[in-house]
Amino acid sequence: MKVYKFHQFIRVERGIVKSLIIDFLKKDIYHVDNKIIKDFENREYAKIKDFMDSALEEDLLIKVDENRWIPYINFNKDKKMNISIELEVDKRVNLEFIKNKLGPIKIAVIRYYGEDDIEKYFFADKIKKEKINFKKCSIKSGKHLMEIDKNLYEFNMNYNPCWGKRIAITKDNKVRPCIYSEIVVGDLLSEEFSLILKRMEKYWKLTKDKIEICKDCEFRYICFDCRELALRKSNNLYEKNPKCFYNPYTGESVK
């Protein structure tokens with residue numbers, strides 16, 4: 001008996017009333033009612049003819065023998081990733097002091113907000129010199145989705161999309177989750193960086209699965225997050241981003 005199955009690079013992420021069909025091969029998404037996915041899994045294709053026609057046209061499906069095993073794309077929600085970080089450094093910090101405090105930690109990306117030649121002090125795969133712009137600590141209204149990328153998707157399963165593996169050092173030598181954050185995780189003048197790093201994991205691992213409402217949303221692993229906005233509005237680190245207007249309990253945007 002022949003049946004239809006999603007091809008190998010498809011992942012279906014269920015929400016409360018709707019599901020997200022994510023095609024990592026074409027880097028595209030499709031938003032459908034949960035009932036459609038249920039009918040598809042029950043092989044009641046006649047009930048969902050429009051969906052079947054569209055899915056076949058978009059090359060989301062393959063027709064195979066009923067018992068054929070499909071090696072679907074794999075994700076690890078508890079994956080241990082390397083310790084390389086994204087470092088943000090404020091202007092007017094003592095770069096030599098920071099370098100000595102951080103020690104041999106691997107730095108993947110540096111965002112530097114000063115004018116000094118930071119390359120003399122740190123090695124990183126990427127170094128970006130930027131100006132602090134507090135408008136960046138926001139997102140426009142609506143649902144803001146990230147690139148459909150397997151590595152990024154898996155990262156967001158394990159880390160916060162914004163704060164994950166990021167460390168910011170401001171001009172007062174305080175260590176924060178990001179350059180725009182009011183949260184102080186530690187003080188390099190009085191503490192060892194290794195101790196601060198352990199405390200930072202709480203913010204790194206603040207995934208959307210821990211955020212109110214977001215934890216029930218089918219978009220949660222491809223949606224940008226700004227915890228700082230939620231914290232400033234409600235003083236609640238676990239509140240949904242106030243700039244997101246999608247309601248996963250109705251499957252609709254409220255704005």
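Hydrogens, waters and symmetry mates are skipped; everything else that's a heavy atom, side chains included, is used. All figures in this text were calculated on a predicted structure; none of them were measured in a lab.
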How far does [atom1] of [X] sit from [atom2] of [Y], to the nearest 0.5 angstrom?
X      : Y      : atom1 : atom2 : result
Asp28  : Leu60  : CG    : CG    : 8.5 Å
His31  : Asp33  : NE2   : CG    : 8.5 Å
Leu206 : Leu237 : CG    : CG    : 5.0 Å
Ile36  : Asp50  : CD1   : CG    : 8.5 Å
Asn151 : Glu147 : CG    : CD    : 10.0 Å
Thr170 : Glu182 : OG1   : CD    : 11.5 Å

Salt bridge between [X] and [Y], side-chain N to carboxylate O under 4.0 Å?
X      : Y      : answer
Arg11  : Glu13  : yes
Glu130 : Arg111 : yes
Glu239 : Lys233 : no
Asp225 : Arg227 : yes
Glu86  : Lys128 : no
Glu212 : Lys240 : no
Glu88  : Arg176 : no

Whichever hydrophobic residues join [X] through chains of side-chain contacts under 4.5 Å:
X      : answer
Val184 : none
Val109 : none
Phe123 : none

(message) Would the distance check show the side chain of Asp116 and the main-chain N or O of Ile118 forming a donor-acceptor pair, the cut-off being under 3.5 Å?
(response) no
(request) Ignoring hydrogens and angles, state whether a donor on the side chain of Ser181 or Glu228 is under 3.5 Å from an acceptor on the partner side chain. (result) yes
Can you name the residues that form a salt bridge (Lys or Arg N to Asp or Glu O under 4.0 Å) with [X], not counting sequence neighbours?
X      : answer
Lys35  : Asp39
Asp187 : Lys174
Lys49  : Asp53
Glu96  : none

Determine the minimum heavy-atom distance between [X] and [Y], stating which atoms define it.
X      : Y      : answer
Phe6   : Ile70  : O-CG2, 4.3 Å
Ala168 : Cys178 : CB-C, 3.2 Å
Cys226 : Asn241 : N-ND2, 3.2 Å
Glu66  : Val3   : CA-CG2, 3.8 Å
Leu20  : Ile222 : CD2-CD1, 3.5 Å
Gly15  : Asn34  : O-ND2, 3.1 Å

(message) Could you check whether Tyr4 and Phe40 have their ring centres less than 6.0 Å apart?
(response) no
(request) Evaluate the salt bridge (Lys or Arg N to Asp or Glu O under 4.0 Å) criterion for residues Arg14 and Glu41: first the C-alpha distance (whole Å), next the side-chain angles of each, then the deciding distance (0.1 Å), finally the verdict. (result) CA-CA 13 Å; Arg14 276 186 172 81; Glu41 291 174 340; 2.8 Å; yes
With a sphere of 6.0 Å drawn around [atom1] of [X], does it hold more than 12 non-hydrogen atoms of other residues, nucleotides or ligands?
X      : atom1 : answer
Lys129 : NZ    : yes
Lys210 : NZ    : yes
Lys26  : NZ    : yes
Glu44  : CD    : yes
Lys198 : NZ    : no
Glu191 : CD    : yes

(request) Using the side chain to side chain contact (heavy atoms under 4.5 Å, CB included) rule, take Trp204 and Asn160 through it: C-alpha gap first, then chi angles, then the decisive distance, then the call. (result) CA-CA 6 Å; Trp204 283 4; Asn160 184 270; over 6 Å; no
If we only count heavy atoms from C-beta on, is the [X] to [Y] side-chain gap below 4.5 Å?
X      : Y      : answer
Ile29  : Asp23  : no
Ile22  : Val12  : no
Asp149 : Phe155 : no
Tyr30  : Glu58  : yes
Val89  : Leu87  : yes
Val93  : Phe97  : no
Tyr72  : Lys5   : yes
Pro248 : Ile213 : yes

Who passes ring-ring contact (aromatic ring centres under 6.0 Å, His included) against [X], sequence neighbours left out?
X      : result
Phe9   : none
Phe75  : Phe24, Tyr153
Tyr203 : Trp163
His7   : none

(message) Ile21 vs Val32, test: side chain to side chain contact (heavy atoms under 4.5 Å, CB included). Steps then yes/no.
(response) CA-CA 8 Å; Ile21 301 171; Val32 300; 4.0 Å; yes
(request) Check the pair Asp172 / Asp90 against side chain to side chain contact (heavy atoms under 4.5 Å, CB included), numbers first and verdict last. (result) CA-CA 9 Å; Asp172 53 4; Asp90 200 354; over 6 Å; no
(message) Consider side chain to side chain contact (heavy atoms under 4.5 Å, CB included). Of Val175, Ile196, Val185, which one does Ile167 pass it with?
(response) Val175
(message) Pair Lys165, Tyr159 - check side chain to side chain contact (heavy atoms under 4.5 Å, CB included), show working.
(response) CA-CA 8 Å; Lys165 296 174 70 176; Tyr159 295 96; 3.8 Å; yes
(message) According to side chain to side chain contact (heavy atoms under 4.5 Å, CB included), who are the partners of Asp209, at least two apart in sequence or on a separate chain?
(response) Lys77, Thr207, Arg220, Tyr221
